[in-house]
2 protein chains.
Amino acid sequence: MIELHRLRAFVAVAEEGHITRAAGKLGMQQPPLSRLVQGLEAQLGCRLLRRMPRGVEPTEAGLALLEEARAVLARASRVEDAVRRTARGEAGRLAVGFTSSAALHPFG
Amino acid sequence: MIELHRLRAFVAVAEEGHITRAAGKLGMQQPPLSRLVQGLEAQLGCRLLRRMPRGVEPTEAGLALLEEARAVLARASRVEDAVRRTARGEAGRLAVGFTSSAALHPFG
DNA sequence: GGCCATTACGGGACACGTAAAGATG
DNA sequence: CATCTTTACGTGTCCCGTAATGGCC
């Protein structure tokens, strides 16, 4: 399965259009980032970027991955907080109910 | 961010109720799997499993993570195939339409 | 004593950073 | 020549597997 690390790298590159610029945004150097994307292409068996003289451009497959990757990363980024909140008791015990008559009952 | 590797490990353990059994299912040994879950607990800063004399049991936070992790993993597992299909041209350009009359039209 | 989880230790894979090389306008 | 990407090389970290230790019926 694709690891999130590689997805993050690819999304940054695809959004910036330059490996160099994306590396700066991710706080790393260009060479490791370039290899990360290459590894992803090798894993998927297809090119994700068109290498241009001035930067890169996502291929068709790259665009598809960009969309999917954003969805997965967005969901994954919320997991950590959700679990911690549950551990603190702020969530997880919350039950939400719908009835047709609850609104008629006074509290207490 | 939590890596998918750790999520897969935790889901297997939580579902099996035994680190030993989950390790067999994942094709690995118990010690690395035990450490993987410990690493996840350290990352989240809360216990995910209650260690019992016969196996383990998810805590409240563990149950919350189990649910989230399944959703993320399910989504991530489809990414790879989706991108490869797009690269082969089987998807990405596919438009699906619904009409009220298409069924009345003969092919050709 | 048997079962299960954990710690200890050595080996391999992967990613990073720096430095040098290749490609293109 | 300037810009951007890629390859080369050495280092550090993380994970794995085997072996030994700890806790609880």
Side-chain angles (χ1 to χ4, degrees), chain A residues 1-59 61-63 65-66 69 72-73 76 79-80, chain B residues 1-59 61-63 65-66 69 72-73 76 79-80:
Chain A
M1 187 173 311
I2 303 180
E3 280 302 326
L4 297 184
H5 205 66
R6 293 182 165 181
L7 290 187
R8 261 193 306 274
F10 174 75
V11 168
V13 172
E15 287 180 345
E16 294 292 326
H18 294 260
I19 294 184
T20 303
R21 216 175 299 169
K25 197 176 176 182
L26 292 172
M28 64 187 296
Q29 300 302 320
Q30 299 87 348
L33 183 53
S34 178
R35 283 186 304 246
L36 228 43
V37 177
Q38 286 178 47
L40 193 51
E41 289 179 322
Q43 180 176 0
L44 293 170
C46 61
R47 289 198 93 60
L48 299 170
L49 297 175
R50 257 185 290 277
R51 273 72 171 179
M52 319 286 283
R54 289 278 192 260
V56 297
E57 185 187 54
T59 63
L63 287 174
L65 178 59
L66 181 58
V72 171
L73 289 171
V79 171
E80 205 157 340
Chain B
M1 187 171 315
I2 303 180
E3 280 301 326
L4 297 185
H5 204 65
R6 293 183 165 182
L7 290 187
R8 260 194 305 276
F10 174 75
V11 169
V13 171
E15 285 180 346
E16 294 292 325
H18 293 261
I19 294 184
T20 304
R21 215 175 298 169
K25 196 175 176 182
L26 292 171
M28 63 186 298
Q29 301 301 320
Q30 299 87 348
L33 183 54
S34 177
R35 282 186 303 243
L36 227 45
V37 176
Q38 285 177 50
L40 193 52
E41 288 180 322
Q43 180 177 0
L44 292 171
C46 61
R47 289 197 94 59
L48 299 170
L49 298 175
R50 255 185 292 275
R51 272 73 172 178
M52 319 287 284
R54 288 279 192 260
V56 297
E57 186 187 54
T59 63
L63 288 173
L65 177 59
L66 182 57
V72 171
L73 289 171
V79 172
E80 206 159 339

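Order of the sequence lines fixes the chain letters, A, B, ..., with proteins taken first and strands second; residue numbering starts at 1 for each chain.
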Distance check needed: D:dT5 C1' versus A:R50 CZ, whole Å only. 17 Å

Gap between atoms NE2 and C1', on B:H18 and C:dC4 respectively (whole Å): 9 Å

Measure CZ/B:R51 against P/D:dT21 and give the value in whole Å, please. 22 Å

Could you give the CG-to-C1' distance, from B:L26 to D:dC16, as a whole number of Å? 13 Å

Check: B:R54 side chain, C:dG2 base, donor-acceptor under 3.5 Å: no

Consider the side chain of A:I19, meaning its heavy atoms from C-beta on, and name the nucleotide among D:dC4, C:dA5, D:dT6 that approaches it most closely. D:dT6

From CE of A:M52 over to P of C:dG22, roughly how many Å is that when rounded to an integer? 23 Å

Compare the minimum distances between each of D:dG17, D:dC16, D:dT5 and the side chain of B:H5, then state the nucleotide with the smallest one. D:dC16

Using whole Å, what does the distance between atom P of nucleotide D:dT7 and atom CD of A:Q38 come to? 5 Å

Separation of atom CE in A:M28 from atom C1' in D:dT5, rounded to whole Å: 14 Å

Verify the contact: side-chain N or O of A:S34 to OP1 or OP2 of D:dT7, cut-off strictly under 4.0 Å; return yes or no. no

Rounded to the Å, how far apart are B:Q29 CD and D:dA20 C1'? 15 Å

